[in-house]
Colleague: 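Here you go, one structure.
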Number of protein chains: 2
Amino acid sequence: MNAPISPPALTKNQTLVFGVLSEAEAPVSAYTILDRLRDHGFRAPLQVYRALDKLLEFGMVHRLESLNAFVACAHRESQCCGAGHGHGTVAFAICESCGQVAEFHDHEVDHRLEGWARQKGFRPVKTAIEIRGLCSSCAA
Amino acid sequence: MNAPISPPALTKNQTLVFGVLSEAEAPVSAYTILDRLRDHGFRAPLQVYRALDKLLEFGMVHRLESLNAFVACAHRESQCCGAGHGHGTVAFAICESCGQVAEFHDHEVDHRLEGWARQKGFRPVKTAIEIRGLCSSCAA
DNA sequence: TGCCACACGTTATAGCATAACGCAATTGAT
DNA sequence: ATCAATTGCGTTATGCTATAACGTGTGGCA
Ligand SMILES: [Zn+2]
Ligand SMILES: [Zn+2]
Ligand SMILES: [Zn+2]
Ligand SMILES: [Zn+2]
């Protein structure tokens, strides 16, 4: 369910933006992406946001709501939630010290939230789960 | 666990901001709060943000990360997670049509996320769970 | 009295996101 | 081939969200 749209070939701008996110070790804000792509001709925020919109649509990128920043999807190859690379709701653990983000999926959590929604007649469209804290390295 | 700080008497600004949130039927942004309090002498965003910081600290208000907006806590009287009004991690279902927000708590979800964190050595500080979608009225 | 903690007020600035316009390339009928 | 519709692109301007930095005033307390 909720399978992301199949990714057609990326445009030049989409490729550049995805490249920045793939190489980053932490979430990156839209304006930081812009700065990193000035040498490639990027001049305005909309160039970034338009590429991000598509990448989000393709399921190749996630937005971290509590950070106003973006990450490349870390588990597109996972088979756990159905055919191919699609995935349902995913959770993020964000280290407030080093910035690293872990992306994971928990069926039971998904199931419980869906259960609540069904019971209340609420129709979910998109769910964000973000745990802020300290990663194992930084908590030591 | 994670019991909020006991709320001392609120200051004038804190009372005004909390009043706006209590009377609202949907999340309210900081700048909207500012506008609604101009007649009471509010002139600058910081007056709102400072009051909000305290109210968040007291556990009387929640921030919705995916909306950049705030709501009064809807279940301070609940006894479900320990003594008094304190609560652990809470989830929100946000209707994208009418704006209404439902606040709820699910032990099992909490437990699963804690389990993941323990297993990974991640030390959670604050967790956000926000389901965007359509409420029962709007989905009909 | 002097000190400290805290709330408050003000101005300025930083950071995040979209509206509105126009142009160019692509696609897919007719 | 030609027209229309779609999509991506570039630019300018604007709006929304959040904090930095400075100064004032007040109450508690050694
Ligand atoms: Zn992913
Ligand atoms: Zn870390
Ligand atoms: Zn609450
Ligand atoms: Zn609704």
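Every chain is numbered from 1 and lettered A, B, ... according to where its sequence line falls, protein lines coming before strand lines. Just so it is clear, the values below take in all heavy atoms, side chains as well, and ignore hydrogens, waters and symmetry mates.
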Colleague: Might you point out which heavy atoms bring S29(A) and A69(A) nearest each other, and give the distance in Å?
Modeller: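 Nearest pair, atom of S29(A) first, then A69(A): N-CB, 4.0 Å.
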Colleague: Got C73(B) and H62(B) here, is their nearest side-chain heavy-atom distance under 4.5 Å?
Modeller: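 Touching, per the 4.5 Å side-chain cut-off.
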Colleague: Which nucleotide sits closest to the side chain of R50(A): dA21(D), dG10(D), dT11(D)?
Modeller: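 Given the options dA21(D), dG10(D), dT11(D), the side chain of R50(A) is closest to dG10(D).
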Colleague: Could you give the CG-to-C1' distance, from L16(A) to dG10(D), as a whole number of Å?
Modeller: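 It works out to 15 Å between those atoms.
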Colleague: Do Y49(B) and the base of dT19(D) stack face to face, with centres under 5.5 Å apart and an angle between planes under 30°?
Modeller: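 The base of dT19(D) is not stacked with Y49(B) (the test needs centres under 5.5 Å and planes under 30°).
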Colleague: Can a donor-acceptor pair be found, under 3.5 Å and without considering hydrogens, that links the side chain of R50(B) to the backbone of N13(B)?
Modeller: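 Judged by distance alone, no pair lies under 3.5 Å.
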Colleague: Identify the heavy atoms of F122(A) and C95(B) that sit nearest to each other, and give their distance.
Modeller: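 Scanning both residues completely, I find the closest heavy atoms to be CE1-N, 4.1 Å.
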Colleague: Calculate the interatomic distance between L46(B) atom CG and dA18(D) atom C1'; express it in whole Å.
Modeller: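 My rounded result for the distance is 8 Å.
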Colleague: Take Y31(A) and F70(B), find for each the nucleotide of DNA chain D with the closest heavy atom, and name the residue whose nucleotide sits nearer the 5' end.
Modeller: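 Result: Y31(A).
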Colleague: Can you measure D53(B) atom CG to dA20(D) atom P for me and round it to whole angstrom units?
Modeller: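 To the nearest whole Å, that distance equals 11 Å.
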Colleague: Take the protein atom CG of L67(B) and the nucleotide atom P of dA18(D), then report the distance between them rounded to whole Å.
Modeller: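 To the nearest whole Å, that distance equals 11 Å.
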Colleague: Quick one: which of dT11(D), dG8(D), dA21(D) gets closest to the side chain of T11(A)?
Modeller: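 Closest nucleotide among those given: dG8(D).
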Colleague: Measure CD/Q14(A) against C1'/dT7(D) and give the value in whole Å, please.
Modeller: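 Interatomic distance, CD of Q14(A) to C1' of dT7(D): 10 Å.
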Colleague: Working note: T11(B) + K54(B), criterion side-chain contact (heavy atoms from CB on, under 4.5 Å); need CA distance, chi angles, decisive distance, verdict.
Modeller: CA-CA 10 Å; T11(B) 68; K54(B) 285 301 179 184; over 6 Å; no
Colleague: Quick check on dT17(D): is either OP1 or OP2 less than 4.0 Å from any side-chain nitrogen or oxygen of S29(B)?
Modeller: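 So the side-chain polar atoms of S29(B) do come within 4.0 Å of the phosphate oxygens OP1 or OP2 of dT17(D), strictly under.
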Colleague: Using heavy-atom distances to pick each residue's nearest nucleotide on DNA chain C, tell me which of A44(B) and K12(B) is more 5'.
Modeller: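 Comparing both residues, the 5'-ward one is K12(B).
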Colleague: Going 5' to 3' along DNA chain C, which nucleotides are the first and last within contact of chain A (any atom under 4.0 Å from a heavy atom)?
Modeller: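 Footprint of chain A along DNA chain C, 5' to 3': dC16(C) to dA20(C).
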Colleague: I want to check one thing: is the phosphate of dA18(D), taken as OP1 and OP2, less than 4.0 Å away from some side-chain N or O of R63(B)?
Modeller: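 Answer is yes, contact under 4.0 Å.
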Colleague: dT11(D) C1' sits how many Å from L34(A) CG, rounded?
Modeller: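 Interatomic distance, CG of L34(A) to C1' of dT11(D): 13 Å.
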Colleague: State whether the side chain of Q119(B) and the backbone N or O of W116(B) hold a donor-acceptor pair below 3.5 Å, judged by distance alone.
Modeller: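 Not confirmed, Q119(B) side chain does not pair with W116(B) backbone.
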Colleague: H40(A) NE2 to dC9(D) P: how many Å, rounded?
Modeller: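 One finds 15 Å between P of dC9(D) and NE2 of H40(A), rounded.
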Colleague: Rounded to whole angstrom units, what separation is found between the CZ atom of R38(A) and the C1' atom of dT11(D)?
Modeller: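 Answer to the nearest Å: 13 Å.
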Colleague: Whether R63(B) and E65(B) form a salt bridge (side-chain N of Lys/Arg under 4.0 Å from carboxylate O of Asp/Glu) is what I want to check.
Modeller: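 Salt bridge: yes.
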